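Worth knowing before you read on, the calculation uses all heavy atoms, side chains too, and leaves out hydrogens, waters and symmetry mates. Bear in mind the structure is a predicted one, so any value in this text is a computation, not a measurement. Chain letters run A, B, ... following the sequence lines, proteins first, then strands; residues in each count from 1.
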Amino acid sequence: MKEATLRVFRGDSSGGQTVDYRVPVAPGMVVLDALHYIQGHLAPDLAVRWNCKAGKCGSCSAEVNGRPRLTCKTRMDDLPQDQPITVLPMKSFPRIKDLVTDVSWNYRVNRKIPPFEPRKGVEWKISQLDVDRVQEFRKCIECFLCQNVCHVLREHDKKEQFAGPRFFVRVAGLEMHPLDGLNRAGLLKDQLGLGYCNITKCCTEVCPEEIQITDNAIIPLKERVVDEFYDPLTMLFRKIRGG
Amino acid sequence: MTANYETREHDVLIIGAGGAGLRAAIEALAQGASVGVVCKSLLGKAHTVMAEGGIAAAMANVDAADSWKTHFRDTMRGGKFLNNWRMAQLHAQESPDRVRELEQWGALFDRTESGDILQRAFGGHTFKRLCHVGDRTGLEMIRTLQDRGVQQGIDVYMECTVTRLLMDGGRVAGAFAYWRESGRFIVFKAKSIVIATGGIGKAWRVTSNSWEYTGDGMALAYEVGAELMDMEFVQFHPTGMVWPPGVQGILVTEAVRGEGGILRNKAGERFMEKYDPKRMELSTRDVVARSIYTEVKEGRGTEHGGAYLDISHKPAEYVKKKLPSMYHQFKELADVDITKGPMEVGPTCHYMMGGIRVDAETAQSTVPGLFAAGEAAAGLHGANRLGGNSLSDLLVFGRRAGLAAAQHAKRSSTPSIDNAQIEQAEKELLAPFSNSGSESPYAVHRDLQEVMQNLVGIFRTDEDLKKALAELVKLKSRVAKVSVEGSRLFNPGWHLSFDLKAMLTVSEAVTYSALARTESRGAHSRIDHPSVDSAWEKKRNVIVRESGGMSRREVPIEPMPKELQEILDEDKV
């Protein structure tokens with residue numbers, strides 16, 4: 001049987017290094033299979049998160065050969081086999097152990113976002129067209145790869161000021177819900193730090209669900225914030241009304 | 001000496017954060033209880049997220065003739081009349097409200113032309129009944145519930161594993177757990193506990209289940225004296241992926257057949273004509289799984305030992321729209337374009353009909369203060385579950401469990417927990433670190449999976465089941481010698497050494513029950529007893545822990561009230 005070398009980060013918050021493991025390669029094998037092989041035969045304490053193994057739960061995120069990916073959807077035969085395959089934890093989150101990082105910050109950010117609230121007296125009829133329009137945002141599996149790759153978080157660590165692409169996708173899914181009655185523009189501007197995004201589209205590039213995060217979520221939300229707060233006519237109006 | 005654990009107190013503690021656990025939490029909170037939810041993974045990663053096809057509810061949006069009565073009848077028929085009829089009734093009556101509620105909390109479903117929730121056909125359902133959104137209904141459901149729950153104020157303990165329930169005399173008093181991240185201990189005090197931990201599929205080699213599905217919740221309940229029932233009824237979903245090896249067992253949604261997918265063997269024959277000419281591909285799961293298995297066994301299987309499932313006669317855009325995740329799953333993992341050619345599929349261990357025996361109205365187990373809902377509980381599905389009835393089960397009985405657990409907490413005084421139980425739990429959990437044995441938990445797990453796969457699978461015999469019991473005894477002695485490497489920090493090998501005990505408990509319960517049931521009914525097929533035995537219509541297997549070990553009893557099934565019996569008789573089709 002063919003073999004591959006996996007170069008996996010081993011360590012915790014205090015530090016660590018990569019360790020090489022030789023793994024037999026079966027047809028159609030994915031990187032997560034290889035990690036499971038390591039757990040089962042070579043390093044039983046190797047920490048890896050996973051659940052569905054089918055790209056539906058977003059648990060097994062890591063950086064494979066430098067690229068943020070779901071390991072359950074990364075085929076071994078898509079990677080060069082003549083050199084070690086490096087598997088590192090997501091860089092933007094504090095390390096816990098091996099490939100497991102502390103993503104709890106994401107859950108704290110999520111709490112800032114008020115959930116769906118129906119408009120008063122709404123009739124529960126929706127057209128399929130309206131459902132289709134928001135579908136894209138609602139298929140996010142919370143793998144946090146977009147958060148990991150976003151330079152506002154990765155390079156500048158603006159976790160206090162900036163919610164990150166995942167949560168703009170969530171807000172877009174709520175704001176464009178056909179029956180939602182809330183306005184989250186102020187939240188986007190003041191608490192979620194939408195302005196920090198300078199649309200480099202790194203998030204869109206790594207999204208395993210192929211959500212057009214920048215074009216379809218972030219830019220329309222930016223427009224919404226502009227309309228709400230920076231539209232000259234509205235600003236003038238506000239001034240006159242003293243609002 | 002200061003305790004080497006932290007303590008948290010809640011009125012209601014919920015173990016498991018899938019659909020049932022979250023729905024229970026939302027309800028208990030609405031009743032004014034303080035609620036803690038403990039889950040082994042991150043929030044939102046529970047098995048519910050993988051549910052694809054839809055939620056069964058007789059809303060009659062597509063087929064106006066649908067009603068709770070037909071849904072009740074379909075469920076009972078699918079379950080070969082072994083269902084707890086009161087649960088089947090409540091489920092059929094309440095699921096439309098539970099779906100509407102989900103919509104009011106922000107879930108978005110696909111729509112009919114007139115703007116109502118769209119419903120699709122599924123196996124065993126007389127009418128188009130499954131509310132869905134493409135093939136990612138579970139994701140929509142769990143996000144809706146988790147956001148609702150968190151906003152309402154539930155406390156979530158993520159990546160925290162309960163290893164033992166703590167008792168105050170005969171009633172539950174709390175739970176002993178550990179944080180996976182740090183390996184530190186945590187003791188929960190609670191007046192009511194809801195088990196919503198899902199199923200047991202990880203005891204089999206080919207399964208659609210994630211690592212979490214080890215039967216731990218059932219084992220926790222069993223250890224403190226709760227009864228398990230119907231444990232012989234394990235659902236093998238007819239369509240799991242079979243190739244490549246790494247993806248073997250991953251689910252291929254029944255929605256493929258619901259949307260018109262056709263099953264064929266190697267020779268191109270549409271073999272369901274032989275097994276169920278009336279319902280064909282939309283027959284119940286037990287029948288379709290056995291049919292595929294038989295085709296393969298008799299040499300008519302595909303190259304990799306499965307059957308072909310083909311939806312490529314439908315327009316490509318339609319397939320991509322209605323089955324987007326299937327399209328991607330096959331394209332990315334198996335190099336198959338399902339809009340152009342067939343998938344290869346075969347049975348995969350998918351769902352546990354059996355579980356903790358509960359009261360239909362309150363979801364309370366036979367232990368006071370201990371409740372169970374969802375897959376961990378038994379009763380609703382009888383001998384075979386219909387597709388789509390699981391998500392509705394989670395909502396209907398999750399809510400009922402949360403309600404009853406909160407009411408129970410209101411009536412109860414604060415329990416006390418003696419230290420001896422906690423010390424015992426600590427000792428048990430840490431044992432693998434000091435074991436000198438050289439057993440790897442992974443090796444024992446692989447061997448357990450082989451035993452269950454080969455001897456307690458779709459078709460069973462007296463001989464195989466007895467052999468399995470003997471093997472399980474051997475495995476038990478190996479589990480006692482399992483040792484783990486490394487530290488307590490996020491250590492999967494350590495976790496598995498605990499999981500193994502639960503898997504062995506439920507595996508033993510399944511095997512005992514399967515051995516006793518000398519007939520074939522629903523998901524339980526005995527080659528040596530191929531037909532239905534009417535004596536087994538009136539009773540069911542119950543498993544309970546006694547001082548000498550596992551014990552099995554047969555308990556009578558209560559007769560159905562006349563008005564429900566009439567519903568079943570109405571239509572003899």
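- A salt bridge does not link A/Arg69 to A/Asp78: none of the charged nitrogens lies less than 4.0 Å from a carboxylate oxygen.
- Residue B/Tyr213 does not touch chain A at all, counting heavy-atom pairs closer than 4.5 Å.
- Proximity to chain A is limited to the backbone of B/Ala107, based on heavy atoms less than 4.5 angstrom apart.
- Ranking A/Arg75, A/His36, A/Glu209, A/Glu117 against chain B, the residue ahead of the rest is A/Arg75, based on heavy-atom pairs under 4.5 Å.
- In this structure, A/Asp130 does not pair ionically with B/Arg111, as no charged nitrogen and carboxylate oxygen lie closer than 4.0 Å.
- In summary, A/Lys73 and B/Glu332 engage in a salt bridge, as defined by a charged side-chain N under 4.0 Å from a carboxylate O.
- No other option in A/Gln39, A/Met29, A/Glu123 has as many heavy-atom pairs under 4.5 Å with chain B as A/Gln39.
- A distance below 6.0 Å separates the ring centres of B/Trp494 and B/Tyr178.
- Below 30°, between 30° and 60°, or above 60°: for A/His41 and A/Tyr37 the angle between ring planes is below 30°, a parallel geometry.
- The greatest number of non-hydrogen atom pairs below 4.5 Å with chain A, out of B/His445, B/His328, B/Glu140, is found for B/Glu140.
- In this structure, the portions of B/Leu333 lying under 4.5 Å from any heavy atom of chain A include both its backbone and its side chain.
- Interface remark: B/Glu103 contributes backbone and side-chain atoms alike to the contact with chain A (heavy atom separation under 4.5 Å).
- The choice from B/Met241, B/Arg143, B/Arg100 that makes the most heavy-atom pairs within less than 4.5 Å of chain A is B/Arg143.
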